[in-house]
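Below: the structure, in structure tokens.
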Amino acid sequence: MSGVSAPGTVPAGSLPGSDSASTQPAAASAALSADHLTVDRGGRPVLRGVTFEVPRGTVTGLLGPSGGGKTTLMRAIVGVQVVKSGSVTVLGLPAGSAELRRRVGYVTQAPSVYADLTVRDNARYFAAIYGVGRAAADAAIAAVGLAEQAGQLVASLSGGQRTRVSLACALLSSPQLLVLDEPTVGLDPVLREELWGQFHELAANGTTLLVSSHVMDEAGRCDRLLLLREGELIADETPAAIRAATGTLDLEQAFLRIIRERATPPEGKVA
Amino acid sequence: MSPRITLATAGRVLTQLRHDPRTIALLLVVPSLLMVILKYVFDGNPLVFDRIGLPLLGVFPFITMFLVTSVAMLRERTSGTLERLLTTPMAKLDLLLGYGIAFALAAAAQAAVACATAYWVLGLHTAGSAALVVAVAVADAVLGMALGLFVSAFARTEFQAVQFMPAIVLPQVLLCGLFIARDQMAGWLDGLSDALPLTYAVQALGEVGVHADVTSTLSRDLAILVGAAVAALVLAAATLRRRSG
């Protein structure tokens, strides 16, 4: 999408992958792995022994119905979720390690930026936290296509624009892992297209992205898919493999088949 | 901890305040307005205003900064920005000190306006200098702010946060010696007031009122105020959890 590359592609400082990732031994270790991760919230199990790996430099989709545990899994990855058992390893370190705080970017579902500040104020504040300059803040704003709105209060922006402010603030740290919780909710198709183009551009430069969505048509844009339902991981495959295994091109249908297959043999679910 | 992040946070909080002119107006005008009302409430008995006008210059910033910061912190919590900040390299004390610096500056402006009104319009006299009164008022504001940051950890909703004002602030106002000398209260209340920091704010202002120079009691009271503020900030930092359930 031309809109993505036009305003200066990606913020100047946000391409750690362009040098650091290429010097790292390729695929030496996964960007992210969870090992029998179990989380309770409010006394109820939300994640039940989830195990998976996410390779570096990929866009991985985290899909599944609302309430399936997607946000909880993302919170565990960025280290703000109390974990009952199991572990999450991020870039070779236990999730939540202090060292990861500048290497992992997190965009929450509700845009967590200051509504009573301008777009530029928000970006400059997070730039100061990450120790990158004002130029990086301006570049990040341009990269999400908000250069014209830079002087506007976030409160006056549309929902989709606020999400992009939030994304711009996460890009500032040049994260090696970017965790995005439903970043395209409420966006019009053109913007969605632009954002997905941007995600792949980041991945091409070495950033690993984990993107949650409950819209199945976004699944086809991912390199890998994780399907989370009722706290259990019921698929961990490439879109092509899922289509092949279920014998349908439509990923929505494919997921329905996976869910039904698991539901029919009762002993399959007891485990 | 990083001075860069602390100062950036103070700047960010002040910028948010700047975008809210109504709050600025209320912060600056309300204490002065209340002083004027008080003066004329005791129109027939001017000695009363002379006695309680001065300590009130310390009580107002304590109350307003408590309220403003407990709500500001709660907003930070409910908007998700707090959780986000805690996933960045920011230290918890960076955030709290950033708030502290920003609201201390706001409190200094508020105290300056209130003191100007009290001295120049309402004819307040103190043996000590007005600058000392402003200094004590700023220390009170910082204390109120630190307590506000601390209790906001225990509030889930705005309703709860606002209820902490009567629960935490009003008992201190009742017992600090503003209404009646502390030795005339029931003995156990007098003892309790020794443990409440606002007591020392009122005592400090009383010292400025009657002594031209900085007395040892004033220095001790100021040290207690600052110490209580630091203790509340450390407790507030301890209650900020990076991980939650």
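Convention: sequence-line order gives letters A, B, ...; per-chain numbering from 1.
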Just so I understand: if I count every heavy-atom pair under 4.5 Å between each of A/Ala110, A/Ala170, A/Ala98, A/Gly79 and chain B, which residue has the most? A/Gly79
Between B/Leu85, B/Leu82, B/Asp20, the one whose heavy-atom pairs under 4.5 Å with chain A are most numerous: B/Leu85
Could you look at B/Ser79 and say if it's the side chain, the backbone, both or neither that has a heavy atom under 4.5 Å from chain A? backbone
Assess the residue pair A/Thr208 and A/Leu178 against the criterion (side chain to side chain contact (heavy atoms under 4.5 Å, CB included)); give the C-alpha distance rounded to whole Å, side-chain angles, the decisive distance to 0.1 Å, and a yes or no. CA-CA 6 Å; A/Thr208 307; A/Leu178 194 51; over 6 Å; no
Just to verify, which of B/Val113, B/Leu122, B/Ile37 counts as forming a side chain to side chain contact (heavy atoms under 4.5 Å, CB included) with B/Ser32? B/Val113
In terms of heavy-atom contacts, A/Glu53 and A/Ser33 come closest through CG-CB, 3.6 Å
If contact means a heavy atom pair closer than 4.5 Å, which residues of residues 81-97 of chain A contact chain B? A/Gln81, A/Val82, A/Val83, A/Ala95, A/Gly96
Contact class of A/Leu100 relative to chain B, heavy atoms under 4.5 angstrom: neither
At a heavy-atom separation under 4.5 Å, does B/Arg242 approach chain A through its side chain, its backbone, both, or neither? both
Are any side-chain N or O atoms of A/Ser213 and backbone N or O atoms of A/Glu182, one a donor and one an acceptor, separated by less than 3.5 Å? no
cation_pi(B/Arg12, A/Tyr114) dist<6.0 Å, angle<=45: yes
Heavy-atom pairs under 4.5 Å with chain A: which of B/Glu83, B/Arg241, B/Met90 has the most? B/Glu83
If you round to the nearest 0.5 Å, how far is CG of B/Leu149 from CE of B/Met145? 5.0 Å
Side chain, backbone, both or neither: which part of A/Val113 has a heavy atom under 4.5 Å from chain B? both
Sort A/Thr72 into side chain, backbone, both or neither according to what part of it lies under 4.5 angstrom from a heavy atom of chain B. neither
Would you kindly say whether A/Thr108 and A/Arg75 are connected by a side-chain donor-acceptor distance under 3.5 Å? no
Which label fits A/Trp196 and A/Phe199: parallel for a plane angle under 30°, tilted from 30 to 60°, or perpendicular past 60°? perpendicular
Applying a heavy-atom distance below 4.5 Å, give me the residues of residues 121-129 of chain A that approach chain B, sorted by number. A/Asp121, A/Tyr125, A/Phe126, A/Ala128, A/Ile129
So, the part of B/Ser2 with a heavy atom under 4.5 Å from chain A: the answer is neither
Lys/Arg N to Asp/Glu carboxylate O, A/Arg48 vs A/Glu230, below 4.0 Å: no
